[in-house]
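Quick note: residue numbers are just sequence positions, from 1.
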Amino acid sequence: MTRFQPALDGQVVKTLAELRPQIGERVRLETRSPRGRYTVQLIGFRDGGSVIVSAPRSTGTPILINEGAPVTVRLMAGNWICAFETRLLKVSTTPYPHWHLDCPTQVESHRVRHHTRVPVNLAVSVDLDEMEAAVTGFPLRACCTDIHTSGACIESSRVLGKVGQKLFVTARVAVNGIDQVILAPAIIRNIYEGESGSFSVISHGVEFVDLEEDTRLILAGFVYQQYLVETGYLPLEGEG
């Protein structure tokens, strides 16, 4: 199992009208002078006209930037990740602070695959069923190094079981700022040994099975969120 599996289909060039992003969608702006990355909301757009977004702010104050300045824009439209280069056309303060960006004629778009795998550094607890755990010293702590909606890579200092054996993986995650607990039954599909510095590390590729609906939704939300952070479409926690 690789540490990071490409999660995008090939690049496609589309227009915003074809992509139809939702009003209120989060938009990631990157400016060069002053240099910064900001998360704003999409207010509207019109081909041949402008893309209207809420004005970015830093520590509660508006960002000062000259009209005509270049801006990189990233956003989601359905399961498409979109990016384009544009320029700031107009800064408006009434009836509320907002920016007009030059509407692009082309948008670079990539479709997110169903099995998006993202790198993480997530502490997990691994357990067996009650009878096996009592004999072998489970549960034990391990580290999840990548995850997707169908499985994960779990590293530990010892072998967690045989290929085909069932495990129970528990992890605490934050989705949209809300703490959630994932409790996922999983089957070991492959095992291999690697090294981390002077220590041997056993990596286990596991497949999630028999997930409850709530767990499936939390897992999907977490993976999707981490992917957007990894690719720069959402800020890191605590970033403006």
Side-chain angles (χ1 to χ4, degrees), residues 3-120 148 176-177 221 223-240:
R3 286 293 301 266
F4 185 66
Q5 171 181 312
L8 299 176
D9 288 333
Q11 177 178 306
V12 176
V13 175
K14 290 177 173 283
T15 66
L16 280 181
E18 291 172 327
L19 291 163
R20 295 184 294 179
Q22 294 294 309
I23 302 305
E25 183 71 63
R26 289 198 205 202
V27 177
R28 187 75 163 157
L29 302 181
E30 297 180 14
T31 60
R32 301 173 193 170
S33 181
R35 183 173 298 275
R37 298 197 301 176
Y38 312 100
T39 300
V40 298
Q41 282 190 311
L42 179 65
I43 296 174
F45 65 92
R46 182 173 182 177
D47 277 351
S50 67
V51 178
I52 308 172
V53 298
S54 59
R57 304 174 73 86
S58 178
T59 63
T61 60
I63 302 300
L64 299 178
I65 184 171
N66 294 327
E67 293 178 355
V71 180
T72 300
V73 179
R74 307 177 193 276
L75 74 158
M76 293 293 299
N79 63 339
W80 291 91
I81 288 181
C82 314
F84 59 90
E85 301 291 333
T86 186
R87 62 191 178 93
L88 177 59
L89 292 178
K90 181 72 175 177
V91 175
S92 298
T93 57
T94 57
Y96 48 83
H98 62 280
W99 284 8
H100 287 263
L101 306 173
D102 192 16
C103 192
T105 57
Q106 295 182 333
V107 177
E108 294 181 3
S109 310
H110 297 82
R111 189 188 296 275
V112 180
R113 291 179 185 166
H114 178 65
H115 295 297
T116 300
R117 185 187 307 281
V118 292
V120 292
H148 58 105
N176 198 26
V223 170
Y224 184 64
Q225 172 184 275
Q226 291 303 114
Y227 179 71
L228 295 182
V229 170
E230 181 69 21
T231 52
Y233 290 82
L234 279 182
L236 294 169
E237 186 177 350
E239 179 181 338

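- Closest approach of Gly49 and Leu89 over heavy atoms only: O-CD1, 4.2 Å.
- Distance CZ/Arg74 to CD/Glu108: 9.0 Å, rounded to 0.5 Å.
- When all heavy atoms are compared, the tightest approach of Arg20 to Phe45 is CA-CZ, 4.5 Å.
- In this structure, Glu25 contributes its side chain and Gln22 its backbone to no donor-acceptor pair below 3.5 Å.
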Side chain to side chain contact (heavy atoms under 4.5 Å, CB included) evaluation trace for Val27 with Thr39 | CA-CA 6 Å; Val27 177; Thr39 300; over 6 Å; no
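- To the nearest 0.5 Å, atom CG of residue Leu29 and atom CD1 of residue Ile63 are 10.0 Å apart.
- Put simply, the side chain of Arg26 does not reach to within 4.5 Å of the side chain of Met76, judged on heavy atoms.
- Scanning both residues, Ala17 and Asp47, for their nearest heavy atoms gives CB-OD2, 3.1 Å.
- Under a cut-off of 6.0 angstrom, the local environment of CD1 in Ile23 is crowded, with over 12 non-hydrogen atoms contributed by other residues, nucleotides or ligands.
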Would you check, one step at a time, whether the test side chain to side chain contact (heavy atoms under 4.5 Å, CB included) holds for Tyr96 with Ile43?
-> CA-CA 11 Å; Tyr96 48 83; Ile43 296 174; 3.7 Å; yes
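- Residues Pro104 and Val51 come closest through the heavy atom pair CD-CG2, 4.1 Å.
- At least one side-chain heavy atom of His100 sits less than 4.5 Å from a side-chain heavy atom of Ser92.
- For the pair Ile65 and Trp99, the minimum side-chain heavy-atom distance is below 4.5 Å.
- Judged by distance alone, the side chain of Thr86 and the main-chain N or O of Asp102 form a donor-acceptor pair under 3.5 Å.
- For Ala83 against Val107, the heavy-atom pair with the smallest separation is O-CG1, 3.7 Å.
- In terms of heavy-atom proximity, His98 sits nearest to Ile52 at CD2-CG2, 3.7 Å.
- Put simply, the side chain of Thr105 does not reach to within 4.5 Å of the side chain of Phe84, judged on heavy atoms.
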I would like to know whether Leu88 and Asn66 meet side chain to side chain contact (heavy atoms under 4.5 Å, CB included); could you show each step before the answer?
-> CA-CA 8 Å; Leu88 177 59; Asn66 294 327; over 6 Å; no
Under the side chain to side chain contact (heavy atoms under 4.5 Å, CB included) criterion, do Val73 and Val53 qualify, and how do the steps go?
-> CA-CA 10 Å; Val73 179; Val53 298; over 6 Å; no
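- Rounding to the nearest 0.5 angstrom, the gap separating the CZ atom in Arg28 from the CG atom in Leu75 is 13.0 Å.
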